Peer 1: 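For reference, the structure I am asking about is given below.
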Number of protein chains: 2
Amino acid sequence: MKEETAKTDDKYALRSVSRALDILHVLGEHSAEGMTVAELADSIGVSKSTAFTLLQTLLARGFIADERLGGSRRYRLGLALVHLGDRAAANTGITQIAMPLLQQLTQETGLTSRLAVLDDGYAVAISRVDAPGIFRLAGSLGTRELPHCSGVGKALLALLPPARVFQILKRIGMPSRTEHTITEPAELVKNLVDVADRGYAFDDEEDNLGVICVAAAVTDRSGDGVAAISVTSMKGGRSLEDMHDLGRAVRACADKISRLLGANIPDA
Amino acid sequence: MKEETAKTDDKYALRSVSRALDILHVLGEHSAEGMTVAELADSIGVSKSTAFTLLQTLLARGFIADERLGGSRRYRLGLALVHLGDRAAANTGITQIAMPLLQQLTQETGLTSRLAVLDDGYAVAISRVDAPGIFRLAGSLGTRELPHCSGVGKALLALLPPARVFQILKRIGMPSRTEHTITEPAELVKNLVDVADRGYAFDDEEDNLGVICVAAAVTDRSGDGVAAISVTSMKGGRSLEDMHDLGRAVRACADKISRLLGANIPDA
DNA sequence: GAACGTCGTTCGGTATAACAGAACAATTTA
DNA sequence: TAAATTGTTCTGTTATACCGAACGACGTTC
């Protein structure tokens, strides 16, 4: 259960702060059960006493919460993070504008819809409107999705010149997620031409078997892709016709958002 | 623009970690515009170079994001927080269960609905379903709401024995927020009897003028209040009849959630 | 167009704060 | 009852986090 401290750039890294962030990260991956001091100390590689002081600091600020049961004490993520996460998502401003329209889209289609932005080449979902009913797609917010096999990723890549697409793909790679994943840069770029033409992208079981995703990009007034929206569904015998219907709906919604952002897109 | 480092218990507080959390806190309050190194250094009371290293550490882990414009560089909250916030909210498990039902409630009533849990005597909203349309209630997630003048707070207090209610009120206080705020413990407790009887609570402009809130508690199998849900609306000429209609709807929804949590509540 | 102010970034010396390990109290397990 | 966990406290030592000052790069102003 060793966790390697993923370091992007240590040049100016404060040890104790990094370790505190490690704790939050690890707790995020064990959010359901919570963790004890000893477990945390072990997984971030510090002494028990060090972990303890780190935890107390985070606790005093509400970044984590504790729960005593029996002689033991379990820590979990705290409510301060809910607040900050909400603010971080609302930050871009896009969320405020997009959310009501995403709700309409979910109501129209009956599917879970999401809003994602680009972060360092990856697509990251920042908001979500769950489908009514008991279906529940796992996809949690804030996790990076691979651009080459996610609907939102492809919708955003389609706006870029091929040279930059190749550049991004080279940096991030194109790992195979299912038998349908496109793993050849040239093939993906060919695929992206269709996407740009139609204005919406499919992820047809390319990331998860049995799951499809239809996405369209949101652009700002300068035409740059700032975000993408998508709906997710089970493949379950959905016809190509169906998927194009969804595509048109998603694109219409994305265009509405783009227009609200000041983009100059003619009405459908 | 001095910010005092709110310290709950410094006995085991790591200075650099506390400062890093300070930064996140301050950035959360200036999430719209972002902040520069100098501004941050000033507002948390450290030297520019110290703030810089703190920022680099947070940046490397995605807890903050930066944006260069002109010669300047602005920092804002990062996407890692979206992820952690989502996990923290999902933690309780209640969210998963409650969200679809909240969506129904919002669809039925046309109002923004929220889910709140108790945290140290305060009510804290952890999820929200925005009303369709362009109305947008400000209420962000994760902020503490006073129990004596919020719908969710009163709904939860109504489940407790009066002695504990007095105890909580004494600790937290009953500041006056509007002319309608109940500031007398005895009067509130009297009010809570009605709440317990009906199964839903009103906040009738007690927290914000012109804004009403109708809430009901969610209980677990042991009958303890674990959360509360609410809908929020403008007062705008809403009749008492109306409010009771809303109350019944909210309570029905809360009961459904309670039943899913294993509570033994007979159908309406 | 030149001098100035302000920005972000880097460097180095020093006081100190963060660390590990050991000891302690309070439990649970055998 | 004994042994082995648990969480918490303490203390000495080293490493480190901090500040102040200096730097280069912009942007601004006279």
Side-chain angles (χ1 to χ4, degrees), chain A residues 1-3 5 7-24 26-27 30 33-61 63-76 78, chain B residues 1-5 7-24 26-27 30 33-61 63-78:
Chain A
M1 224 211 249
K2 275 283 160 58
E3 202 80 22
T5 44
K7 340 193 152 173
T8 322
D9 182 12
D10 307 25
K11 199 159 41 155
Y12 299 97
L14 301 186
R15 192 163 57 146
S16 57
V17 175
S18 295
R19 287 172 168 177
L21 302 185
D22 280 337
I23 286 182
L24 294 178
V26 174
L27 279 179
H30 298 76
E33 339 81 52
M35 295 176 78
T36 69
V37 200
E39 284 169 357
L40 276 163
D42 188 54
S43 69
I44 68 168
V46 299
S47 72
K48 215 171 35 160
S49 56
T50 300
F52 181 72
T53 47
L54 284 166
L55 286 170
Q56 293 310 308
T57 308
L58 291 167
L59 192 61
R61 304 304 224 70
F63 280 72
I64 58 175
D66 65 332
E67 188 183 11
R68 289 190 158 86
L69 25 93
S72 191
R73 187 178 185 181
R74 304 195 78 82
Y75 296 91
R76 43 182 62 230
Chain B
M1 224 209 244
K2 276 282 160 60
E3 203 81 22
E4 50 180 338
T5 44
K7 343 193 149 172
T8 323
D9 182 11
D10 308 27
K11 199 159 40 158
Y12 300 97
L14 301 187
R15 191 165 59 149
S16 55
V17 175
S18 295
R19 287 172 168 178
L21 302 185
D22 279 337
I23 285 182
L24 294 178
V26 174
L27 279 179
H30 298 76
E33 339 82 51
M35 294 177 79
T36 68
V37 200
E39 285 169 357
L40 275 163
D42 188 53
S43 69
I44 68 169
V46 300
S47 71
K48 215 173 31 162
S49 54
T50 301
F52 180 72
T53 47
L54 284 166
L55 286 170
Q56 294 309 308
T57 308
L58 291 167
L59 192 60
R61 304 306 224 68
F63 280 72
I64 58 175
D66 64 332
E67 187 184 11
R68 289 189 156 86
L69 25 92
S72 190
R73 187 179 186 180
R74 303 194 80 81
Y75 296 92
R76 42 182 64 229
L77 297 177

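Just so it is clear, the values below take in all heavy atoms, side chains as well, and ignore hydrogens, waters and symmetry mates. Sequence lines set the chain letters: A, B, ... in the order given, protein chains first and strands last, and positions in each chain run from 1. Just so it is clear, the model here is predicted, and its values are computed rather than measured.
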Peer 1: Both A:Ala38 and A:Ser16 contact DNA chain D. Taking the nearest nucleotide for each, which residue is further toward the 5' end?
Peer 2: A:Ala38
Peer 1: In whole Å, what is the span from the CG atom of B:Leu55 to the P atom of C:dG8?
Peer 2: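 Going from B:Leu55 (CG) to C:dG8 (P), I get 10 Å.
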Peer 1: Given C:dA17, is OP1 or OP2 found less than 4.0 Å from the side-chain N or O atoms of A:Arg15?
Peer 2: no
Peer 1: Looking for any heavy atom pair under 4.0 Å, which part of the strands does A:Arg74 touch: base, sugar-phosphate only, or nothing?
Peer 2: nothing
Peer 1: Between atom CD1 in B:Ile23 and atom C1' in D:dC18, what is the gap in whole Å?
Peer 2: 13 Å
Peer 1: In whole angstrom, what separates A:Asp66's CG from D:dG7's P?
Peer 2: 11 Å
Peer 1: Given C:dC19, D:dC19, D:dG7, which nucleotide is nearest the side-chain atoms of B:Val46?
Peer 2: D:dC19
Peer 1: So B:Ser47, base contact, sugar-phosphate only, or nothing? Heavy-atom distance under 4.0 Å.
Peer 2: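 Since a base atom lies under 4.0 Å of B:Ser47, the category is base.
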Peer 1: Just the rounded figure in Å: distance from P of D:dT8 to CG of A:Leu40.
Peer 2: 13 Å
Peer 1: Could you check whether any side-chain N or O of A:Thr57 sits under 3.5 Å from a backbone N or O of B:Leu14, counting only pairs where one atom can act as donor and the other as acceptor?
Peer 2: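 Indeed, once roles are kept as given, a pair shorter than 3.5 Å links the two residues.
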Peer 1: Quick one: is C:dT9 close enough that its OP1 or OP2 comes under 4.0 Å of any side-chain N or O from B:Arg68?
Peer 2: yes
Peer 1: Check this for me: does the side-chain of B:Lys48 come within 3.5 Å of the base of C:dG8 through a donor and an acceptor?
Peer 2: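 Side chain to base: pair present.
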Peer 1: Apply side-chain contact (heavy atoms from CB on, under 4.5 Å) to residues B:Leu59 and B:Gln56 and explain how you reach the verdict.
Peer 2: CA-CA 5 Å; B:Leu59 192 60; B:Gln56 294 309 308; 4.0 Å; yes
Peer 1: Could you tell me how far apart B:Phe52 (CZ) and D:dC23 (C1') are, to the nearest whole angstrom?
Peer 2: 13 Å
Peer 1: Calculate the interatomic distance between B:Tyr75 atom OH and C:dC7 atom P; express it in whole Å.
Peer 2: 13 Å
Peer 1: Whole-Å distance between D:dA25 P and B:Arg73 CZ?
Peer 2: 17 Å
Peer 1: Within the 4.0 Å heavy-atom criterion, would you say A:Thr36 contacts the bases, only the backbone, or no part of the nucleic acid?
Peer 2: sugar-phosphate
Peer 1: With nearest nucleotides of DNA chain C determined for A:Ser72 and A:Leu54 from heavy-atom distances, which residue corresponds to the more 5′ nucleotide?
Peer 2: A:Leu54
Peer 1: Contact class for B:Ser49 vs. all strands (heavy atom < 4.0 Å): base, sugar-phosphate, or nothing?
Peer 2: base
Peer 1: In this structure, how many angstroms lie between the C1' atom of D:dA17 and the CD atom of B:Gln56, rounded?
Peer 2: 15 Å
